[in-house]
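Right, one structure below, let's go through it.
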Amino acid sequence: MIHDSLIRERLVTGDKTAADVTRDISRPILNQPSSAWKIGFTLSLIFLGIFGVSLFWTVWTGIGVWNINKSVMWGWDITNFVFWVGIGHAGTLISAVLLLFRQKWRMSINRSAEAMTIFAVVCAAMFPVFHMGRVWVGYWALPLPNAFGSLWVNFNSPLLWDVFAISTYFSVSLLFWYIGMIPDIATIRDKVKTKTAKFWYNFFSMGWTGSTRSWARYELVSLILAGISTPLVLSVHTIVSADFATSVIPGWHTTIFPPYFVAGAIFSGFGMVATLLVVARKVMNYENYITIGHLEAMTKIIMVTGTLVGIAYLTEFFIAWYSVVEYEQYAFINRATGPYWWAYWSMMSCNLIAPQVFWFKWARTTPWFIFIMSIVVNVGMWFERFVIIVTSLHRDYLPSSWVMYSGSLTEVGLFLGTFGIFFTCFFLFAKFLPVINMSEVKTILRNRE
Amino acid sequence: MKLRLRREMHWIRIDRYYSFVSEKESMTRENDIADADSTDKGEYKHWENVSVIHQPMMCQHCAQAPCETVCPVLATSHSSEGLNQMTYNRCIGTKYCGNNCPYKVRRFNWFRYNDNDKFDFHFNNPLGKMVINPDVTVRTRGVMEKCSFCVQRIQEAKLKVKREGGNMKNVQVETACQRACPSNAIVFGDLHNPDSDISKLHRNERAFSVLDELNVQSSVKYMTKIRNTETI
Amino acid sequence: MGLVDKNLSLRNRNKMLIGVWEDEDALLSATQAVVDKGVHIHDVFTPYPVHGLDRIIGVKRSRLARIAFFCGLTGLSLMFTMIWYMYVKDWPVNVGNKPVRFSPSWIPVMFEGTILCTAFGMGIFFFLRNRMLHGIKNDLLDERQTDDRMIMTIETCEGMDEKGLIDLMKEKGAVETREFHQGVQTVI
């Protein structure tokens with residue numbers, strides 16, 4: 001009835017028992033932080049400082065400190081927004097879609113991927129909020145009755161859809177992450193010794209005891225949350241793509257955007273997960289939990305989605321030619337051969353060509369190489385958004401408005417600063433919460449059929 | 001400084017389009033100039049017969065305005081008179097309308113320009129302020145602005161009719177650009193009234209809309225220039 | 001039937017028999033054996049979800065799925081009403097000559113609202129039903145029940161063969177057996 005599978009490779013190596021899992025994964029929480037953690041955390045705080053300074057400068061002086069101009073009114077800000085939102089898609093995708101497909105390899109990585117999602121969405125949300133000229137009245141984008149008579153909001157605007165999509169995505173992801181973490185917080189609660197720690201873990205574990213009844217509901221809720229998160233993930237990036245697709249600007253006004261953006265989001269999200277996990281498994285000694293098999297599975301997804309994105313790039317070109325719309329054709333020729341050709345070809349080589357190395361087994365199973373490739377993927381995806389936003393805007397319909405654009409120091413500072421937000425959150429997460437889903441990993445210690 | 005960053009604030013700009021008659025045919029496409037330049041090796045023999053077309057470009061007050069649909073807070077909407085109106089004090093500054101404008105006529109207030117020591121130009125003292133049009137709101141930092149078809153003048157005319165009686169049909173509202181144009185090249189009027197000058201001009205076969213193919217249904221029409229180019 | 005699952009509280013109960021296991025398969029066969037003797041198992045506490053256990057001890061299928069569905073419907077109609085009220089009823093505004101009636105541009109907001117209501121509605125019912133509140137005092141029987149130990153509890157009643165059950169548990173691989181009465185545990 002129940003026996004070890006002879007065919008499949010083990011998902012967790014090193015003959016771990018349930019007690020070993022608890023011990024290994026709660027070790028960073030129960031012990032003093034390592035020096036690697038301290039160095040990393042300090043670095044993150046420095047970047048957080050850069051963010052604070054850049055943000056203060058922007059809000060204090062005005063959006064004019066950025067280099068955006070009369071034609072290119074979105075520059076690094078929205079590029080960074082789409083970049084971070086894209087990264088924020090892998091977490092829920094790993095948890096939700098792979099749960100629906102019963103892919104058990106997700107279990108070692110879903111917790112950190114979901115955490116990554118939440119932190120990335122926080123970073124992403126910074127940009128649409130602070131790119132507003134008058135951020136102090138930004139709450140007007142919410143459907144609230146206001147002091148000037150109840151002027152409501154515009155339900156035709158993709159930016160309003162964004163408000164709903166991003167906030168829903170953030171809160172549902174947080175709920176999914178938190179509910180999934182409750183049993184593990186309970187485990188930590190029963191391990192910690194200090195009074196403060198006991199109080200807080202007890203507070204957040206919500207009296208979890210591991211009753212069969214609770215587990216039955218927990219599993220059902222996880223399944224339903226996965227079921228509704230899957231269309232949610234797809235809808236969020238579809239709506240982000242609608243920010244461009246519903247406009248009239250050549251290069252933006254494209255029906256391929258929703259699937260293309262979703263594929264790109266998965267691509268960049270897995271890139272970021274790979275970046276984090278290759279480092280984390282080494283530094284935190286989780287090689288038995290996040291095995292080469294896990295990395296290999298991720299690289300396969302990176303390769304597939306990278307190729308999908310690449311096909312989308314080529315399809316755009318084909319459709320531009322096939323449409324016989326002069327503006328559309330010019331927009332795409334200008335992307336590839338115009339003044340921003342370097343951005344376009346960085347995007348092409350990083351996103352379409354580079355991931356093809358994952359056809360080779362060596363590339364899929366060598367952690368340092370995967371690390372480099374994951375960085376390449378994210379550089380490429382940043383350029384993709386830059387290409388879409390800037391090259392479409394800088395030369396659109398009327399040549400009299402054609403301009404060039406390059407980011408100012410403040411814009412670069414804000415972008416680097418969001419890495420500060422992201423990694424500060426991530427380091428705190430790695431210190432205070434279990435980065436691997438202990439209770440789920442305990443179910444796959446033996447390879448069951 | 002602002003100009004170098006391409007942040008000119010004009011509500012109306014004059015676009016210039018050049019056409020050349022080269023040996024082959026008239027050159028209208030972007031690359032034609034560069035191609036001609038590279039072939040004539042500095043002799044400028046292609047550069048004869050340069051003709052310039054001026055096109056004043058301001059907000060076209062599109063009936064199906066792309067800028068209106070994308071504003072999340074309804075800061076720009078359509079009036080019953082067909083104006084595309086910008087509500088400064090509702091604007092939160094997402095700049096999406098500016099991006100989505102095919103004519104690129106929307107302008108953003110990048111900094112606080114009024115009462116700003118770094119942006120003086122003698123406008124910050126009581127005397128200097130008297131130069132500023134008292135009928136137009138001073139825009140705050142971080143809002144979008146654009147040509148309003150001199151809505152303050154339309155409003156003034158409407159109030160006058162209300163006060164003194166009469167019919168709007170008989171009132172001629174002049175926009176600032178119209179008044180400033182010495183050759184009467186700009187005509188403004190009521191399109192709802194089929195007998196107005198503007199309606200007649202709109203029906204003229206020389207009238208065309210810029211970027212008509214986008215079907216934004218702009219309220220502004222231009223008259224094609226007729227030139228006798230054939231030499232006898 | 002109340003909203004909160006009363007089975008989850010261990011207070012004000014008769015004497016309980018407790019068996020402790022460290023192996024999932026042994027636990028499964030033990031629960032099966034106990035149930036086969038016609039004894040009602042109060043609950044089994046495990047550090048991770050053991051599949052099949054809920055069926056053996058007779059946990060009813062949760063109704064949270066139906067609740068989620070109704071929360072979703074509520075969300076959908078709520079969002080539709082909201083948009084209709086704001087956009088059509090209260091203050092219709094002409095934006096780009098778009099029709100002031102239902103149009104596909106309503107769908108994204110309606111969809112997101114549906115998901116939000118489903119997730120949080122279900123979440124709230126999940127926490128309520130599971131007797132989960134922030135900072136609630138948990139009835140823990142063993143420090144390691146969230147680590148690697150699995151604990152079976154049987155509530156005793158008149159005429160129950162306690163001795164026989166303890167022996168059965170031991171025979172089926174229980175590493176420890178205990179008695180729990182009024183908050184005190186004794187190893188037997």
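Numbers restart at 1 for each chain; the letters A, B, ... are given by sequence-line order, proteins then strands. Small disclaimer: the values here were computed from a predicted structure and weren't measured.
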Show the nearest heavy-atom pair for residues [X] and [Y], with the distance to one decimal.
{"X": "A/Ser247", "Y": "B/Asn100", "answer": "CB-OD1, 2.9 Å"}
{"X": "B/Phe111", "Y": "A/Thr61", "answer": "CD2-O, 3.3 Å"}
{"X": "A/Gly133", "Y": "B/Phe108", "answer": "CA-CZ, 3.7 Å"}
{"X": "B/Cys91", "Y": "A/Val137", "answer": "O-CG2, 4.4 Å"}
{"X": "B/Arg107", "Y": "A/Lys70", "answer": "NH1-CB, 3.8 Å"}
{"X": "B/Tyr88", "Y": "A/Arg134", "answer": "O-NH2, 3.3 Å"}

Residues of residues 238-246 of chain A with a heavy atom under 4.5 Å from any heavy atom of chain B, in residue-number order, are A/Ala242, A/Asp243, A/Phe244, A/Thr246

So which residue, [options], ends up with the most heavy-atom pairs under 4.5 Å with chain B?
{"options": "A/Val248, A/Val65, A/Leu142", "value": "A/Val248"}
{"options": "A/Ile63, A/Val163, A/Asp162", "value": "A/Ile63"}
{"options": "A/Tyr405, A/Trp161, A/Trp136", "value": "A/Trp136"}
{"options": "A/Ala141, A/Pro158, A/Pro399", "value": "A/Pro158"}
{"options": "A/Val403, A/Val325, A/Asn156", "value": "A/Val403"}
{"options": "A/Gly62, A/Ser157, A/Ser401", "value": "A/Ser157"}

> Should B/Val73 and A/Asn154 be marked as a side-chain contact (heavy atoms from CB on, under 4.5 Å) after you check the CA-CA gap, both sets of side-chain angles, and the distance that decides it?
Replying inline: CA-CA 6 Å; B/Val73 292; A/Asn154 182 5; over 6 Å; no

Comparing B/Cys71, B/Ala75, B/Gly98 against chain A, the one with the most heavy-atom pairs below 4.5 Å turns out to be B/Cys71

- Among the listed options B/Val143, B/Leu211, B/Asn109, the residue most often paired with chain A at heavy-atom distances under 4.5 Å: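 That would be B/Leu211.
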
**Item:** Heavy-atom donor-acceptor pair, A/Trp74 side chain to B/Thr94 backbone, under 3.5 Å
**Value:** yes

Quick one: does B/Arg106's side chain have a donor or acceptor within less than 3.5 Å of a partner on A/Ser71's backbone?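 No: the side chain of B/Arg106 does not pair with the backbone of A/Ser71.
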
Residue part contacting chain A, namely of [X], when any heavy atom lies under 4.5 Å:
{"X": "B/Pro66", "result": "side chain"}
{"X": "B/Arg13", "result": "side chain"}
{"X": "B/Ser77", "result": "neither"}

Would you indicate whether [X], at its atom [atom1], is surrounded by more than 12 heavy atoms from other residues, nucleotides or ligands within a distance under 6.0 Å?
{"X": "B/His78", "atom1": "NE2", "value": "yes"}
{"X": "A/Tyr322", "atom1": "OH", "value": "no"}
{"X": "B/Trp11", "atom1": "CH2", "value": "yes"}
{"X": "A/Trp342", "atom1": "CH2", "value": "yes"}
{"X": "B/Arg16", "atom1": "CZ", "value": "no"}

Hits for ring pair (Phe, Tyr, Trp, His ring centres under 6.0 Å) against A/Trp66, two or more places apart or cross-chain, chain-then-number order -> none

Do B/Val70 and A/Leu159 have side chains that get closer than 4.5 Å, going by heavy atoms? no

Can you tell me which portion of [X] sits under 4.5 Å from chain B's heavy atoms? Options are side chain, backbone, both or neither.
{"X": "A/Thr58", "value": "backbone"}
{"X": "A/Phe155", "value": "neither"}
{"X": "A/Asp396", "value": "side chain"}

Residue by residue, which of residues 212-221 of chain B have a heavy atom closer than 4.5 Å to a heavy atom belonging to chain A?
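Result: B/Glu213, B/Leu214.
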
**Asked** Of all the residues in residues 53-60 of chain B, which have a heavy atom that comes within less than 4.5 Å of a heavy atom in chain A?
**Response**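 Under the 4.5 Å heavy-atom cut-off, B/Met57 qualify.
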
Would you give the length of the straight line joining atom [atom1] of [X] to atom [atom2] of [Y], rounded to the nearest 0.5 angstrom?
{"X": "B/Lys95", "Y": "A/Asp77", "atom1": "NZ", "atom2": "CG", "value": "6.0 Å"}
{"X": "B/Leu74", "Y": "A/Leu151", "atom1": "CG", "atom2": "CG", "value": "5.5 Å"}
{"X": "B/Tyr96", "Y": "A/Leu160", "atom1": "OH", "atom2": "CG", "value": "12.5 Å"}

Note to self: With side-chain contact (heavy atoms from CB on, under 4.5 Å) as the criterion, how do A/Leu398 and B/Lys104 come out once you've worked through the C-alpha distance, each side chain's angles and the decisive distance to 0.1 Å?
What the structure shows: CA-CA 8 Å; A/Leu398 299 184; B/Lys104 290 285 175 289; over 6 Å; no

